[in-house]
Asks: 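Quick one: structure below, then a few questions.
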2 protein chains.
Amino acid sequence: MSTMTTASPDALAQRLADSGLRSTPQREVIYDVILRKRDHPTADEVYARVRADMPSISLATVYNCLETLVQCDLVRAVNFERAPTRYCPNLHPHAHFHDEQSGSIHDIQLPAELLEKISSVLPAGYDAKSLQITFRGKAQPAA
Amino acid sequence: MSTMTTASPDALAQRLADSGLRSTPQREVIYDVILRKRDHPTADEVYARVRADMPSISLATVYNCLETLVQCDLVRAVNFERAPTRYCPNLHPHAHFHDEQSGSIHDIQLPAELLEKISSVLPAGYDAKSLQITFRGKAQPAA
DNA sequence: GCAACAAATTGGAATGGTTCTAAGTAGCAA
DNA sequence: TTGCTACTTAGAACCATTCCAATTTGTTGC
């Protein structure tokens, strides 16, 4: 199926190959760690999780691999304020809700219809390649 | 008139007083510099502009004063990716368009109706205090 | 399998925007 | 004045990230 947007673990080698890159143990474990727990870890958090499986990995490699995964469109990098970059395995278009109390990030589904409406506010001559929508506030844990 | 959202230069002293803060020459000149040229300068750019009027000011003070102005809701701080924070004198709700070629930021007016629609996608329990919308792409200079 | 080349990883140093700190200055209150 | 507090200042510290130079790993052609 060619239209899937959430890649399976195997997709990694393929995507890398498509870009002329190699599938390495480091890239595999990092990708795996991000898919396993579908939250929004920072590079440091990824580093911590990966070291459980691969204690010898370096932080520089974590940064390098995350950058590679972002280039290959396998994960997305998101920034909130000036906090450390977070990495997001959700490749569908969506907004983020940043909970100020807990610091946690929640994905917010966006209807395609709304995305169109938002893009349509751009004046002529503006060609948007990407759109980032971030809410900030209080989120009560869902019952 | 109590509903104006773009403050006049005089509003500075009032707003500061409301928060129990003093109006200082440094705060005045920084606020003035930001209102004068309505773009999205970084702290460094503000520092450069302010030094024309007040050569002895320090960068730390520029950061301090900008922070104060943000607290008093006289300017807004906006972040793009991990680039230096920019300061925005436009207090109306609006989106930003980040032109990848020139690096410049353009304000995009948002209809109130659209803002409501966007906020309405939040599930129950999510209480958003602020909303940031950023486009990224190519902008042709308007004719 | 081996040489040769390219890609990837590594630790540590460097970078750069921002914040912190401790000292000095300035304005207000008794 | 004497104090008190707010504010400014220079420089050090911070910290996420990137850079660098050296090594390791993988791949390709023989």
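Letters A, B, ... are given to chains in the order of the sequence lines, protein chains preceding strands, and every chain is numbered from 1.
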Asks: What's the OH-C1' distance between B:Y87 and C:dG17, to the nearest Å?
Replies: 10 Å
Asks: Kindly say if B:R22 contacts the phosphate of C:dA26, meaning a side-chain N or O under 4.0 Å from OP1 or OP2.
Replies: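 No, B:R22 has no side-chain N/O under 4.0 Å of OP1/OP2 on C:dA26.
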Asks: Where along residues 54-61 of chain B does a heavy atom fall under 4.0 Å from DNA chain D?
Replies: B:S56, B:I57, B:S58, B:A60, B:T61
Asks: Please report the closest heavy-atom contact between A:P89 and A:R38, naming both atoms and the distance.
Replies: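 Shortest heavy-atom contact: O-NH2, 3.5 Å.
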Asks: Mind checking which nucleotides bracket the chain B contacts on DNA chain D, 5' to 3', with an atom under 4.0 Å from a heavy atom?
Replies: D:dT5 to D:dT17
Asks: Among C:dT18, C:dG17, C:dA8, which is the nearest nucleotide to the side chain of A:R27?
Replies: C:dA8
Asks: Counting only side-chain N and O atoms of B:Y63, is one of them less than 4.0 Å from OP1 or OP2 of C:dT19?
Replies: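 Looking at the OP1 and OP2 atoms of C:dT19, neither is under 4.0 Å from any side-chain N or O of B:Y63.
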Asks: Taking atom types as modelled, is there a side-chain donor on A:D99 or A:S102 under 3.5 Å from an acceptor on the other?
Replies: yes
Asks: Strictly by modelled atom types, are A:H98 and A:H96 linked by a side-chain donor-acceptor pair under 3.5 Å?
Replies: no
Asks: Could you measure the distance from the CD atom of B:E45 to the OH atom of B:Y87? Nearest 0.5 Å is fine.
Replies: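 Spacing of CD (B:E45) from OH (B:Y87) equals 11.5 Å.
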Asks: Between B:V62 and A:R86, name the one whose nearest nucleotide on DNA chain D is closer to the 5' end.
Replies: B:V62
Asks: In terms of side-chain heavy atoms, does B:Y47 have a donor or acceptor partner in B:R51 at a distance below 3.5 Å?
Replies: yes
Asks: Distance check needed: C:dT10 P versus A:N64 CG, whole Å only.
Replies: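 In whole Å, C:dT10 P and A:N64 CG are 9 Å from each other.
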Asks: Are any of B:T85's side-chain N or O atoms less than 4.0 Å away from OP1 or OP2 of C:dT18?
Replies: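 For C:dT18, OP1/OP2 do have a side-chain N/O of B:T85 under 4.0 Å.
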Asks: Before giving the answer on side chain to side chain contact (heavy atoms under 4.5 Å, CB included), spell out for A:T68 and A:Q71 the whole-Å C-alpha distance, their side-chain angles and the decisive distance to 0.1 Å.
Replies: CA-CA 5 Å; A:T68 299; A:Q71 299 302 338; 5.6 Å; no
Asks: Assess the residue pair B:N90 and B:H40 against the criterion (side chain to side chain contact (heavy atoms under 4.5 Å, CB included)); give the C-alpha distance rounded to whole Å, side-chain angles, the decisive distance to 0.1 Å, and a yes or no.
Replies: CA-CA 9 Å; B:N90 182 352; B:H40 301 78; 5.8 Å; no
Asks: Does A:N79 or A:T24 map to a spot on DNA chain D nearer the 5' end, using the closest nucleotide for each?
Replies: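 Closer to the 5' end of DNA chain D: A:N79.
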Asks: Indicate the ring-plane relationship of A:F97 and A:F135, choosing parallel, tilted or perpendicular according to the 30° and 60° boundaries.
Replies: parallel
Asks: How many Å lie between CZ on A:R82 and P on C:dG16, as a whole number?
Replies: 13 Å
Asks: Let me confirm one number: the OH-NZ distance from A:Y126 to B:K138, rounded to the nearest 0.5 Å.
Replies: 15.0 Å
Asks: Mind calculating the distance between CD (B:E45) and C1' (C:dG17) to the nearest angstrom?
Replies: 13 Å
